[in-house]
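Notes follow the structure.
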Amino acid sequence: MASYTVKSYTVRPVEGDDQIEVVIHASDGSKWEYGIPFSRSTGRYMFEEIDVLANDFGDEFAEELTEKIDELVESLTE
């Protein structure tokens, strides 16, 4: 069950690096920041913390975030 709600979040590339930055602002004022490395040649990445985010914010948010990351990595590896 979700412990917090997401007030806002951003998913964007890190300039000059093969990495995605994810920043999440929660309803309790907390801020989560992640750097997710990815491969430009394969488009693969690993984000093990997604399960923790699903527990904290719910499965729906985790799925939405995963889709955003997938879309961004795909656009960067085309």
Side-chain angles (χ1 to χ4, degrees):
M1 178 170 230
S3 303
Y4 312 96
T5 58
V6 175
K7 289 184 74 175
S8 66
Y9 72 97
T10 57
V11 177
R12 62 182 178 200
V14 174
E15 190 174 328
D17 198 0
D18 292 346
Q19 195 170 169
I20 302 296
E21 175 188 56
V22 174
V23 179
I24 303 166
H25 295 274
S27 57
D28 69 344
S30 297
K31 178 179 170 183
W32 281 261
E33 296 179 276
Y34 299 97
I36 306 167
F38 69 94
S39 169
R40 285 195 188 269
S41 61
T42 65
R44 294 184 66 176
Y45 68 90
M46 189 179 328
F47 185 38
E48 295 171 351
E49 294 85 354
I50 197 69
D51 292 333
V52 174
L53 294 177
N55 287 334
D56 287 344
F57 299 112
D59 291 332
E60 187 176 317
F61 172 72
E63 291 172 17
E64 178 181 326
L65 180 59
T66 299
E67 287 177 20
K68 295 274 189 192
I69 294 168
D70 289 346
E71 290 170 5
L72 181 56
V73 169
E74 184 178 331
S75 74
L76 294 169
T77 57
E78 292 182 333

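What you see is a predicted model; the values in this text were computed from it and never measured.
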Side chain to side chain donor-acceptor pair (under 3.5 Å) contacts touching residues 35-44 (sequence neighbours left out):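 Qualifying pairs, neighbours excluded: D18-R40, S39-S41, S39-T42.
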Just verifying a value: how many Å separate [X] [atom1] and [Y] [atom2], rounded to the nearest 0.5 Å?
{"X": "D51", "Y": "D56", "atom1": "CG", "atom2": "CG", "result": "11.0 Å"}
{"X": "E33", "Y": "T10", "atom1": "CD", "atom2": "OG1", "result": "8.5 Å"}
{"X": "E49", "Y": "N55", "atom1": "CD", "atom2": "CG", "result": "12.5 Å"}
{"X": "I36", "Y": "I50", "atom1": "CD1", "atom2": "CD1", "result": "7.5 Å"}

Heavy-atom pair of closest approach, residues F38 and Q19: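 Closest pair (atom of F38, atom of Q19, distance): CE2-N, 3.2 Å.
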Where V14 and I20 come nearest, the two heavy atoms and their spacing: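 Taking V14 first and I20 second, the nearest heavy atoms are CG2-C, 4.2 Å.
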Can you list, pair by pair, the side-chain donor-acceptor contacts under 3.5 Å of residues 69-78, counting residues two or more places apart and other chains?
{"from": "D70", "atom 1": "OD1", "to": "Y45", "atom 2": "OH", "distance (Å)": "2.4"}
{"from": "S75", "atom 1": "OG", "to": "L72", "atom 2": "O", "distance (Å)": "2.8"}
{"from": "T77", "atom 1": "OG1", "to": "V73", "atom 2": "O", "distance (Å)": "3.0"}
{"from": "T77", "atom 1": "OG1", "to": "E74", "atom 2": "O", "distance (Å)": "3.3"}

All pairs passing ring pair (Phe, Tyr, Trp, His ring centres under 6.0 Å) where residues 6-27 contributes a residue, at least two apart: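 The answer is Y9-F61.
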Residue pair F57 / I24, side-chain heavy-atom distance below 4.5 Å: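 With C-beta onward as the side chain, the pair touches.
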